[in-house]
Undergrad: 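This is the structure I have questions about; it appears just below.
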Amino acid sequence: MAENLEEILKRIEGDADLIQGLLAELCAHIKEPLTLMEVCGTHTHAISKTGIRRALAGKVRLLSGPGCPVCVTSDADIDRFIELSRMPDVVVTTFGDMLHVPGSESSLANERDQGRDIRIVYSPLDALAMAEREPDKEFCFLGVGFETTAPAILATVAEARRRGINNFSIYAAFKLIPPALRMIAAHPDLAIEGLILPGHVSAVIGSEPYRFLADEFKRPCVITGFEGADILQAILMIADQIKEGEPCLEIQYKRVVTKEGNKAALKIMEGMCDVKDSMWRGLGTIPESELKLKEAWKDFDAEHKLSLPPMEYKETADAKGCRCGEVLLGKIIPPDCPLFAEACTTSNPIGPCMVSSEGACSAYYKYER
C-alpha cells in the first residue's frame with residue numbers, strides 16, 4: 001500500500017472506515033498484480049482525483065479506456081463539423097469541449113476565430129431556442145456523446161418537429177459503448193484482465209448489453225458508481241472473480257443501474273435511429289457502433305439537409321508526437337506520451353485527451369503529476 005495512505009483516505013469521499021477496510025482487503029486479496037481498465041472518463045477523473053491509482057500501485061494497474069465521447073470523435077467527423085460551420089447562414093452549436101479538438105487541418109476554435117458562427121451551448125434546448133429566435137439561419141447541433149447523451153438530444157429533435165421549428169438540425173454522431181468494448185476484449189495486444197464498466201451509460205442501457213464480455217471473452221466486469229468506495233468495491237469484486245476463476249457480469253451500482261435499463265430512453269433511440277459502422281479515434285472503424293437518424297427524421301439530419309458528401313472513412317492522424325489514440329486503447333498511460341505536461345498541457349492542449357474535461361490526459365495532468 002502507498003506510503004501516503006492517510007492523505008489518500010482524506011481524498012476519497014465516503015465512510016473512512018469502509019474505505020480503509022476496502023483498501024486493506026484489496027491489498028491482502030491481490031497476490032499477483034492485476035491490469036484492469038476503467039472504461040468511463042468520469043471514473044478516470046475520480047480515480048485520479050482521489051488517489052486510488054496511487055493507493056493501489058503495485059497491486060492494480062488501472063488503464064483508461066475509450067469512455068470520453070469528445071476524445072473518440074474522429075478527425076473525419078470534426079472535419080465535417082468544420083465544413084458545416086463554413087456554410088453560409090449555418091450556425092454550429094456545440095458543447096464547449098468540442099471547440100478545441102483538432103481535425104485534420106483545423107478546429108472549431110480556429111474557425112470561430114476566422115469569423116464562423118459557432119456558439120457554445122449547455123443543452124440542445126438552448127440551440128433549439130436560438131433557432132426559434134433567428135428563423136433566417138439554420139442551427140445545427142453537434143450530437144456527440146454516448147448512450148447517456150443521445151436520448152436528450154433526440155428528444156429535442158422530436159420537440160422541434162412538434163413545434164414546427166424547421167431551421168434546426170443535428171449532426172448525429174452518437175457512439176455506442178458495447179461494440180467498442182468488444183473490440184478491446186478481442187484485441188490481441190491488450191491484456192486487460194477485467195473491466196470497470198460505466199455507471200451513466202449503464203443507467204440507460206442496463207447491464208445485459210455487456211454480458212458477452214463475461215460469457216464470450218471470460219472477462220470479469222462490474223458496473224460501478226463514482227464515489228471512491230464504489231470504485232474500490234468494484235475492483236474488489238473483480239479481484240474476487242479472478243481469484244475464484246469465475247468471470248461474470250455484476251452490478252455494484254444497483255442504486256441506479258438495473259438489468260433492463262431506462263426503457264423510455266431506449267425507446268427513443270430505437271425509434272429514431274439506425275445503427276451504423278463508425279470511425280473512432282484510436283480504435284479505427286467499429287461495426288455497428290454509432291447511431292444515425294432514421295430516414296423518417298432526415299429533415300432534421302444535418303448531413304442530409306445540408307447535403308454533406310458521403311463520409312470518407314480514414315484513419316485518424318494524431319498531431320505529430322501525440323499518442324491519444326494509444327491512450328484511448330489502453331496501450332499506454334498519459335505520462336508515456338512525450339508531449340504530456342511538456343508541449344501538451346490543459347492550458348495548451350494538443351490532443352483531445354487533454355482538451356476534454358473527461359479526457360485521461362487531463363485527469364493525469366490535474367491530479368497525478
Undergrad: Please determine if Glu368 and Lys49 form a salt bridge, counting it only when a charged side-chain N lies under 4.0 Å from a carboxylate O.
TA: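 A salt bridge is absent here (no side-chain N lies under 4.0 Å from a carboxylate O).
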Undergrad: Closer than 3.5 angstrom, by distance alone: can the side chain of Lys31 be matched with the main-chain N or O of Ala28 as a donor-acceptor pair?
TA: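 Between the backbone of Ala28 and the side chain of Lys31 there is a qualifying donor-acceptor contact (under 3.5 Å).
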Undergrad: Look only at the side chain of Glu193 and the backbone of Thr35, and say whether a donor-acceptor pair between them is shorter than 3.5 Å.
TA: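 Yes, because the side chain of Glu193 sits within donor-acceptor range (under 3.5 Å) of the backbone of Thr35.
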Undergrad: Could I get the full list of side chain to side chain donor-acceptor pair (under 3.5 Å) partners for Arg161, not counting sequence neighbours?
TA: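 Side chain to side chain donor-acceptor pair (under 3.5 Å) list for Arg161, sorted by chain: empty.
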Undergrad: Considering non-hydrogen atoms only, spot the tightest contact between Pro66 and Phe146 and give its length.
TA: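 It is O-CZ, 3.4 Å.
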Undergrad: For the pair Arg80 (side chain) and Pro309 (backbone), establish whether a donor and an acceptor sit closer than 3.5 Å, ignoring hydrogens and angles.
TA: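 Yes; judged by distance alone, with no hydrogens or angles, the pair exists.
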Undergrad: Is a donor on one side and an acceptor on the other found under 3.5 Å between the side chain of Asn110 and the backbone of Ser106?
TA: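 Absent.
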Undergrad: Check this for me, if you would: do Glu216 and Arg211 make a salt bridge, where the nitrogen-to-carboxylate-oxygen distance has to be below 4.0 angstrom?
TA: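 Between Arg211 and Glu216 there is no salt bridge, as every charged N stays at least 4.0 Å from the carboxylate O atoms.
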Undergrad: For Arg219 and Ile192, indicate whether the former's side chain and the latter's backbone hold a donor-acceptor pair under 3.5 Å.
TA: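 At least one qualifying donor-acceptor pair exists.
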Undergrad: Indicate the atoms forming the closest heavy-atom contact of Cys337 with Ile332, along with that distance.
TA: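 Answer, listing the atom of Cys337 first, then Ile332: N-CD1, 4.3 Å.
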Undergrad: Tell me which donor-acceptor pairs under 3.5 Å the side chains of residues 247-255 have, and how far apart each pair is, sequence neighbours excluded?
TA:
residue: Glu250; atom: OE1; partner: Gln241; partner atom: NE2; Å: 2.7
residue: Gln252; atom: OE1; partner: Thr224; partner atom: OG1; Å: 2.7
residue: Gln252; atom: OE1; partner: Gly225; partner atom: N; Å: 3.2
residue: Gln252; atom: NE2; partner: Asp230; partner atom: OD1; Å: 2.9
residue: Gln252; atom: NE2; partner: Gln233; partner atom: OE1; Å: 3.2
residue: Arg255; atom: NH1; partner: Asp230; partner atom: OD1; Å: 3.1
residue: Arg255; atom: NH2; partner: Asp230; partner atom: OD1; Å: 3.4
residue: Arg255; atom: NH2; partner: Asp230; partner atom: OD2; Å: 2.6

Undergrad: Between Asp79 and Ser104, do the side chains contain an N or O donor and an N or O acceptor separated by less than 3.5 Å?
TA: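 Yes - a donor-acceptor pair under 3.5 Å links their side chains.
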Undergrad: Over all heavy atoms of both residues, which pair between Val355 and Asp97 is shortest? Give the atoms and the distance, please.
TA: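 Scanning both residues, the minimum pair turns out to be CG1-O, 3.5 Å.
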Undergrad: Taking Glu134's backbone N and O only, do any of them form a donor-acceptor pair with Asn167's side chain (distance below 3.5 Å, no angle check)?
TA: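 Such a contact is found between Asn167 side chain and Glu134 backbone.
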Undergrad: Under the criterion side-chain contact (heavy atoms from CB on, under 4.5 Å), which of Val144, Ile120, Val92, Asp77 is the partner of Met98?
TA: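 For Met98, the side-chain contact (heavy atoms from CB on, under 4.5 Å) check succeeds only for Val144.
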Undergrad: Whether the side chain of Arg369 engages the backbone of Tyr365 through a donor-acceptor N/O pair (distance < 3.5 Å, no angle test) should be reported.
TA: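 Confirmed, Arg369 side chain pairs with Tyr365 backbone.
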Undergrad: Hey, does the side chain of Ser48 reach the backbone of Thr44 with a donor-acceptor pair shorter than 3.5 angstrom?
TA: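 Such a contact is found between Ser48 side chain and Thr44 backbone.
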Undergrad: Assess Arg182 against Phe212: is NZ or CZ under 6.0 Å from the centre of the six-membered ring, and within 45 degrees of the ring's axis?
TA: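 Verdict for Phe212: a cation-pi partner in Arg182.
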Undergrad: Between Lys292 and Asp274, is there a side-chain N and carboxylate O pair less than 4.0 Å apart?
TA: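 Result for this pair is no, no salt bridge flagged.
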Undergrad: Is it the case that the side chain of Lys298 and the backbone of His304 share a donor-acceptor pair, with hydrogens and angles ignored and the cut-off at 3.5 Å?
TA: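 Not at all, since once roles are kept as given, no pair shorter than 3.5 Å links the two residues.
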Undergrad: Does the pair Asp117/Lys137 count as a salt bridge with the N-to-O cut at 4.0 Å?
TA: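 Looking at Lys137 together with Asp117, the answer is yes, because their closest N to O distance falls below 4.0 Å.
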Undergrad: For the backbone of Ala46 and the side chain of Thr50, can you confirm whether one donor and one acceptor N or O come within less than 3.5 Å of each other?
TA: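 Pair found, side chain donor or acceptor close to backbone of Ala46.
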Undergrad: Is the shortest distance from a Lys or Arg side-chain nitrogen in Glu147 or Lys175 to a carboxylate oxygen in the other one below 4.0 Å?
TA: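 Here Glu147 does not pair with Lys175 in a salt bridge, since their nearest N and O are not under 4.0 Å apart.
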Undergrad: Is Arg86 salt-bridged to Glu111, going by a charged N under 4.0 Å from an acidic O?
TA: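 Glu111 and Arg86: salt-bridged.
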Undergrad: Tell me, with the steps shown, if Trp280 and Ser289 meet side chain to side chain donor-acceptor pair (under 3.5 Å).
TA: CA-CA 9 Å; Trp280 294 53; Ser289 65; 2.9 Å; yes
Undergrad: With a 4.0 Å cut-off on N to O distance, would you call Lys305 and Asp299 a salt bridge?
TA: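 Looking at Asp299 together with Lys305, the answer is no, because their closest N to O distance does not fall below 4.0 Å.
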Undergrad: Under 6.0 Å between ring centres, would you say that holds for His200 and Phe226?
TA: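 Aromatic pair counts; centres sit under 6.0 Å.
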Undergrad: Does the ring center of Phe141 lie less than 6.0 Å from the ring center of Phe168?
TA: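 No; Phe168 has its ring centre 6.0 Å or more from that of Phe141.
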Undergrad: Ion pair present between Glu326 and Arg323, side-chain N to carboxylate O less than 4.0 angstrom?
TA: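 Salt bridge between Glu326 and Arg323, a charged N being under 4.0 Å from a carboxylate O: yes.
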Undergrad: Any donor-acceptor pair under 3.5 Å linking the side-chain atoms of Tyr364 with those of Arg53?
TA: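 Short answer, yes.
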Undergrad: Do other residues, nucleotides or ligands put more than 12 heavy atoms under 6.0 Å from Glu260 CD?
TA: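 For Glu260, atom CD is crowded (more than 12 foreign heavy atoms under 6.0 Å).
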